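What you see is a predicted model; the values in this text were computed from it and never measured. Just so we're on the same page: letters track the sequence lines, and every chain starts at 1.
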There are 2 protein chains.
Amino acid sequence: MAQKKRVTIQDIARKANVSKSTVSRVLNDTTPVAPEKETAVLAAIAELNYQPNIFARGLAGGQSLSIGALTQNIGSAFYDTIMRGIISGLKGSGYSPIFTDGRWELEEQQNSLQTLLERRVDGLIVVGGTLSGAALSKINEQVPVIVVARELEELQERCLFVDNQQAAYDATRFLIEAGHKQIAHITGEAAHQDTHRRKAGFVQAHADAGIELNPDLIVEGTFRRQSGILAVETLFTRGNSFSAIFAANDQMAFGARLALFRRGIRVPEDISLIGFDDQPDSAYMTPPLTTVRQPADLLGETAAAYMLQLIKKKPFTPPPFTTDLIIRESVALFR
Amino acid sequence: MAQKKRVTIQDIARKANVSKSTVSRVLNDTTPVAPEKETAVLAAIAELNYQPNIFARGLAGGQSLSIGALTQNIGSAFYDTIMRGIISGLKGSGYSPIFTDGRWELEEQQNSLQTLLERRVDGLIVVGGTLSGAALSKINEQVPVIVVARELEELQERCLFVDNQQAAYDATRFLIEAGHKQIAHITGEAAHQDTHRRKAGFVQAHADAGIELNPDLIVEGTFRRQSGILAVETLFTRGNSFSAIFAANDQMAFGARLALFRRGIRVPEDISLIGFDDQPDSAYMTPPLTTVRQPADLLGETAAAYMLQLIKKKPFTPPPFTTDLIIRESVALFR
DNA sequence: ATAATGTTTGAAACCGGTTTCAAGACGAAC
DNA sequence: GTTCGTCTTGAAACCGGTTTCAAACATTAT
């Protein structure tokens, strides 16, 4: 059953005794139309429950009314929150988002990108990832690009990100102020920009506090839970003592926490732990994890708003993004 | 810069010295074409880097080559895994997925549905949610619908789901066999089908084991972390003793675990805990959570494969889906 | 050799919108 | 009363594909 024939603009035109052109005009509000005709058209649209054909519109108008969003891990809390921000930022604009998942793999990112471009998105929001700035810059010539949670030289004003170094600095300083002097750091994956920024903040905080940093206390991780476990094992293998760990993200903090648990080491009584991202589960860690919160929702919403302005070729100045240290219970004063 | 003009089928035709029709034919493989012409067309396509215009194709062919997927919480591990399954199941088929998020709110689900329908998806995969069977059944008249993780009378053969009752039965039985006799259950939200199935399994396991079940040990939750905390508080307020908790999902198990932690109650030494879903974080709980695993990836992949067959109007019989009890460290023998 | 059949092929119609263009209506200015 | 400019409107072209249709050609049967 169902409606055998879809209602077209022609049907509306006929019903309202006007031409297709006029219907199109009231639909898009491009040219003034006599009030009584407009009313008639609107009535016909309502009565016939007309839905414009998106393909015809896209074909004729050259617009898809969709924004592509390429994230790296739909399903991770951080990306999810950004996505929700994008959704809500686009709400009511007539544009709808199309999400794809790059899975942190370059090939997958390229495929996803290809898919979005084939779908003729009117704008592209890239969240994280490892696509080169040059590549994105080239795409930006075709369709406006905004980059979230990453900083690219080539697309300077199009990047929305927080000051990762400062955030890591704050986190480290918090540990130092709590009396910790021997602090370990589990870094992210080397290929990531954030990894280096956060590490730099960690280092800087030591320097500013006049604490000598033992390079053996820095262990390379991958941003994944598993690597948090490995990192802690590595730390103990190396044999240096430490009273706190700063993990470059919450997932690794979870891994570290499990590794400590396995060794019967208490958190925070024996060793303090601090993460980065404030993913939802972190508040439910035992003990609840002290961590750095990024305004992921705001980043997403801003990206959407920015994109809408970009499409309209209007100027836009993104607000500053600040991070917050969420103090919970995984950090103790060093006795 | 960029390509000022997009390459069209006409350009290819000209270059290969054939007509548009012929190009279209080699593109879609609908009618045999002379080998030498086919080669010429293919060469032209490669040389000019031709990408078909998806709108023109959709308009002319009446196909969008996209599959809509409506999930409830992009970002929750369970939905995420299903989504990945859908992505991988669709890979190479020419169809690409469009995801929307219903957020477990009816209005949002309806909006999302509307968006997908406007986008003229060729198929719709609904994951969970609260849209009525009648509503979905009606949509199924327009476009094939598959429902994942939910069972609907109206769309019987289109539903892919696991036996929640059996899975909950297994989990409960595991606790009983470990010697637990007073087991608490934190249910999901009443509006959900799964909630009742899981509860039924919990009840049935008691009956089969000849253990009388104290109804005070069943507390209503909402599937959210927070409700796990509340549920544990409620249990202690009620004052009944119990040695194990079966939470209807992992998130609530996390909440319960935190509540126990706050009270200084050890898991599993004092109270055992078992969850449902096996979300990634669960393996990193302290102690790692024993839980029920649903084959979410398989569900997603199957949904995609099923949809492709449906579109081709071919028959398809989904494989059986089984759950696994993932035994970790949150359950102890009752002494 | 002729008729019947089958295979390739291009022209043209079509999908459902948007946009250009020119004509018609109308009020203001001369 | 003309002329001019502005506003509203419909016809037609166009976007870039797919599909129908009939013609052209090749193949086989009679």
Does anything in residues 294-318 of chain B form a ring pair (Phe, Tyr, Trp, His ring centres under 6.0 Å)? List the pairs, not counting sequence neighbours.
Y306(B)-F316(B)
Could you tell me the separation between the CG atom of D29(A) and the C1' atom of dT19(C), rounded to a whole number of Å?
16 Å
Length of the line joining R120(A):CZ and dC15(D):P, which is rounded to integer Å:
14 Å
Between P on dC15(C) and CG on N53(B), what's the gap in Å once rounded to a whole number?
18 Å
Ion pair present between R57(B) and E118(A), side-chain N to carboxylate O less than 4.0 angstrom?
no
We want to know whether R103(B) and S112(B) form a side-chain donor-acceptor pair, criterion being a heavy-atom distance below 3.5 angstrom.
no
Scanning both residues in full, the closest heavy-atom pair of Y95(B) with Q63(B) reads OH-OE1, 3.4 Å
Given the options E105(B), E189(B), Q109(B), Q72(B), T130(B) meets side chain to side chain donor-acceptor pair (under 3.5 Å) only with Q109(B)
Using whole Å, what does the distance between atom C1' of nucleotide dG16(C) and atom CD1 of I12(A) come to?
12 Å
Is it true that D29(B) and R25(B) make a salt bridge, defined as a side-chain N closer than 4.0 Å to a carboxylate O?
no
Check each residue of residues 33-48 of chain B for a non-hydrogen atom within less than 4.0 Å of any atom in DNA chain C, then write out the ones that pass by number, or none.
V33(B), A34(B), K37(B)
Sequence neighbours excluded, the answer for salt bridge (charged side-chain N to carboxylate O under 4.0 Å, His left out) partners of E301(B) is none
More 5' along DNA chain C: T31(B) or T30(A), using each one's nearest nucleotide?
T31(B)
Interatomic distance where CD belongs to E118(B) and P belongs to dG17(C) [whole Å]:
12 Å
What residues 15-28 of chain A contributes to the DNA chain C interface at heavy-atom separation below 4.0 Å is K20(A), S21(A), S24(A), R25(A), N28(A)
Test of understanding: with salt bridge (charged side-chain N to carboxylate O under 4.0 Å, His left out), list the residues that count as partners of D297(A), not counting sequence neighbours.
none
Would you say E153(A) has more than 12 foreign heavy atoms packed within less than 6.0 Å of its CD?
no
S66(B) versus R120(B), side-chain donor and acceptor atoms under 3.5 Å:
no
Please report, rounded to the nearest Å, how far the C1' atom of dG17(C) is from the CD atom of Q63(A).
13 Å
The helix from dA1(C)-dT30(D) to dC30(C)-dG1(D): angle between its terminal axes, five pairs each, to 10°?
50°
Charged N-O contact under 4.0 Å between E151(B) and R158(B):
no
Please report the distance, rounded to the nearest Å, between CZ in R57(B) and C1' in dT18(D).
10 Å
How many whole angstroms separate atom CG of L59(B) from atom C1' of dG16(D)?
9 Å
